[in-house]
Amino acid sequence: MQKAVVKEIYRETEKFIQKRIKVSGWVRTIRSSKAFGFIELNDGTFFKNLQIVFEEDLTNFLEITKINISSAITVEGILVESPGANQAFELKAERIEVVGPCDADYPLQKKRHSLEYLRTIAHLRPRTNTFAAVFRVRSLVAYAIHKFFQEKGFVYVHTPIITGSDAEGAGEMFRVTTFDIDKPPHNEQGAIDFTRDFFGKETNLTVSGQLNVETYCMAFKNVYTFGPTFRAENSNTARHAAEFWMIEPEIAFADLRDNMDLAEEMIKYIIKFALENAPEEMEFFNKFIDKELFTKLENVVNSNFEHVSYTKAIEILENAQESFEYPVRWGNDLQTEHERYLTEKYFKKPVFVSDYPKEIKAFYMRMNDDNKTVAAMDLLVPGVGEIIGGSQREERYDLLEKRINEMGLHKEDYWWYMELRKYGGTKHAGYGLGFERAIMYLTGMSNIRDVIAFPRTTKNADF
RNA sequence: UCCUCGAUAGCUCAAUGGUAGAGCACUCGGCUGUUAACCGAGUGGUUGCUGGUUCGAGCCCAGCUCGGGGAGCCA
């Protein structure tokens, strides 16, 4: 007998119709009458379910009518055309074996659950339509990102998760140590003696792979990282997590414009990839999560992203007929309300804001000729806000050294980073894409906790 | 961390300061093509925690815990 999976049955129906097949999966719902019943079977390979019809000629008919949702079963039968309205075919069961019964206290019902409740049962929520769709899309988009960069010849670099450089400056860090935290060793000055710790120095979980990946950029020309990142910020929002994934491409012999063009091409590529490779899931998001999703995504794919300088953006905001809570002033960073206005109301599409005042940006960003702004860019998208942050890097040794000093950093901490500027340093640029934020944008999900399998956020590391 | 709203059955939600309820889930029964199947009956509660006001608190007050929304920080 032919074994089949639900995805093949939907995609290549002609291969299975009128044939005896064997399918294994979980019961999503069951409706039974005195002499017959229906099971919606999901085997995990496909978003949609396969309808099983069973009748009282089954030797275990009574047992089957009583099984609970989420029981694991194996069904043998013939795939036939369905007289019902909602499906083209169904499996007429000749034999159903319960391979893994499900207890009656199973916490998921056939009805809708709140996303908040489902977070409390993170081990079971991938069995729901919403999370099945989210995590299949997440998987596909991760693949699409690799595919995009690999097809362009980029080299995938695994930058370290544990870092000894505490000066990356991108946020609060999680300490990595093997010390007994109740009694760490002290040196003669009375301070904690990190020379006796595992690495012989203070170490933390990385907040960004950028500085490390720049070294490989100077060897391979075009590189990217794709890995987990950790921020110990006490953030409590729908867009922040303590552990998240980031994609950080870095391109040599390239400037800020090349950088933005790459970002735009990548965003369009992954949107198209998701629409083509997960049509059922995307349809579901458009119908139940965000009714404007397809309109939004098609608008992004078919339009050119807007470009605006920070200075011009300030002008737009100053002239806006809008009362902002925070004042708009050249030199201040853009607030969330300002970003939302720009991308959602003014341009109504993704917009790159570039060339920010040097005071509000990182030390490694390239100084512009005006000596006031740096070659930085943020990509703002409607609904999610900042999804990408990047810059052209300062490749001039003396200017980099000057910025490090101005910002009160210690140049000894960056000795290897600075040497890149001595030994064949060249123009280069890169950006960071928050992977979860991209998934949120693609699916319409509005909380980052719902696009991470087991989210780690302030006061929550369950599962 | 700040502002704001909330926490009642397994879930989603009701309940003038006066006997804590419904739908779904679950159990039992019925039903010959269902589509969140349907019909009937039943089981199910320390009203988040601690204290206070009151003859009496799910409801009023205080503190705490956890969650939602917004803000800061950022991706």
Side-chain angles (χ1 to χ4, degrees), chain A residues 28-40 48-49 51-56 65-66 68-70 80 82-87 90 92 102-121 124 128-129 168-172 207-210 225 227-248 263 288 324-326 333-340 360-362 378-381 384-390 431-441 446-452 457-460 462:
Chain A
R28 275 293 171 81
T29 165
I30 177 166
R31 302 175 284 271
S32 58
S33 298
K34 186 178 170 188
F36 65 92
F38 300 92
I39 291 170
E40 302 254 351
K48 292 182 175 174
N49 305 317
Q51 175 160 287
I52 312 290
V53 191
F54 62 98
E55 297 186 3
E56 59 184 336
T65 62
K66 287 177 166 44
N68 291 314
I69 292 169
S70 216
V80 296
S82 173
N86 289 9
Q87 60 285 315
E90 62 194 17
K92 173 75 179 63
C102 179
D103 284 3
D105 60 0
Y106 181 62
L108 287 170
Q109 345 163 0
K110 295 180 207 175
K111 286 184 76 165
R112 196 188 154 277
H113 291 279
S114 67
L115 295 172
E116 293 79 17
Y117 170 64
L118 293 170
R119 274 173 220 150
T120 68
I121 48 170
L124 299 174
T128 64
N129 287 335
E168 293 177 29
E172 293 295 309
V207 291
S208 163
Q210 182 203 317
T225 71
T229 293
F230 308 88
R231 305 265 169 101
E233 300 288 351
N234 187 15
S235 291
N236 214 318
T237 78
R239 302 183 304 283
H240 290 85
E243 177 179 331
F244 64 99
W245 285 58
M246 200 153 57
I247 295 101
E248 295 174 293
F288 294 108
F324 294 117
E325 192 186 334
Y326 291 86
D333 207 352
L334 298 179
Q335 303 294 314
T336 296
E337 58 174 344
H338 305 143
E339 295 181 344
R340 291 182 74 106
I360 58 174
K361 288 293 178 182
D378 285 352
L379 176 62
L380 311 178
V381 296
V384 175
E386 185 183 335
I387 197 170
I388 281 176
Y431 61 83
L433 167 73
F435 183 55
E436 284 79 10
R437 289 192 184 172
I439 302 301
M440 290 167 73
Y441 189 59
S446 55
N447 196 310
I448 198 167
R449 295 166 180 84
D450 298 328
V451 299
I452 301 177
T457 53
T458 316
K459 296 272 186 289
N460 180 24
D462 290 342

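Each chain gets a letter, A, B and so on, in the order its sequence line appears, and its residues count up from 1.
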Considering only the [atom1] atoms, how many Å lie between [N] and [M], rounded to the nearest integer?
N       : M       : atom1 : answer
rC59(B) : rC2(B)  : C1'   : 29 Å
rG42(B) : rC66(B) : C1'   : 34 Å
rA62(B) : rC24(B) : C1'   : 37 Å
rG30(B) : rA22(B) : P     : 25 Å
rA7(B)  : rU16(B) : P     : 13 Å
rU43(B) : rG48(B) : C1'   : 25 Å
rG17(B) : rU12(B) : C1'   : 27 Å
rG45(B) : rC31(B) : C1'   : 33 Å

* Residue whose nearest RNA chain B nucleotide is more 5′ - Phe36(A) or Leu108(A) -> Leu108(A)

* **Most 5' of Pro107(A) and Glu337(A) on RNA chain B, judged by nearest nucleotide** => Pro107(A)

Looking only at side-chain N and O atoms, does [X] come under 4.0 Å of OP1 or OP2 in [N]?
X         : N       : answer
Ser235(A) : rC73(B) : no
Thr336(A) : rG72(B) : yes
Lys34(A)  : rC31(B) : yes
Arg119(A) : rG68(B) : yes
Asn447(A) : rG69(B) : yes

Is a donor-acceptor contact shorter than 3.5 angstrom present between the side chain of [X] and the base of [N]?
X         : N       : value
Glu386(A) : rC74(B) : no
Gln51(A)  : rU34(B) : yes
Arg437(A) : rC74(B) : yes
Glu233(A) : rG72(B) : no
Glu116(A) : rU12(B) : no

* Begin with the C-alpha distance, continue with both residues' side-chain angles, and end with the deciding distance and a verdict on salt bridge (Lys or Arg N to Asp or Glu O under 4.0 Å) for Glu56(A) and Lys34(A). => CA-CA 8 Å; Glu56(A) 59 184 336; Lys34(A) 186 178 170 188; over 6 Å; no

* To do: Select base, sugar-phosphate, or nothing to describe what Gly84(A) touches, counting heavy atoms under 4.0 Å on all strands.
  => base

* Asked: So what does His240(A) hit on the nucleic acid, given a heavy-atom distance under 4.0 Å: a base, only sugar-phosphate, or nothing?
  -> base

* To do: Taking Glu248(A) for its side chain and Gly209(A) for its backbone only, find out whether a donor-acceptor pair lies under 3.5 Å.
  => yes

* Mark yes or no for whether Arg437(A), through its side chain, and Glu386(A), through its backbone, hold a donor-acceptor pair below 3.5 Å. => yes

* Asked: Is the gap between the ring centers of His338(A) and Tyr326(A) under 6.0 Å?
  -> no

* To do: Just name whichever nucleotide pairs with rG44(B), Watson-Crick or G-U, keeping both distances under 3.5 Å, else none.
  => none

* Structure fact -> Answer for the Watson-Crick or wobble partner of rG10(B), both distances under 3.5 Å, is rC24(B)

* Asked: Hey, are the side chains of Leu115(A) and Asn447(A) touching, using non-hydrogen atoms and a 4.5 Å cut-off?
  -> no

Nearest to the [X] side chain among [options], which nucleotide is it?
X         : options                   : result
Ser82(A)  : rG68(B), rG33(B), rG72(B) : rG33(B)
Lys66(A)  : rG10(B), rU34(B), rG29(B) : rG29(B)
Arg239(A) : rC73(B), rG68(B), rU27(B) : rC73(B)
Asn236(A) : rA36(B), rG29(B), rU1(B)  : rU1(B)
Arg231(A) : rG33(B), rA75(B), rC24(B) : rA75(B)

* So, Phe244(A) and rA75(B): ring centres less than 5.5 Å apart, planes less than 30° off, yes or no? -> yes

* Which atom of Asp103(A) lies closest to which atom of Asn68(A), heavy atoms considered -> C-ND2, 3.7 Å

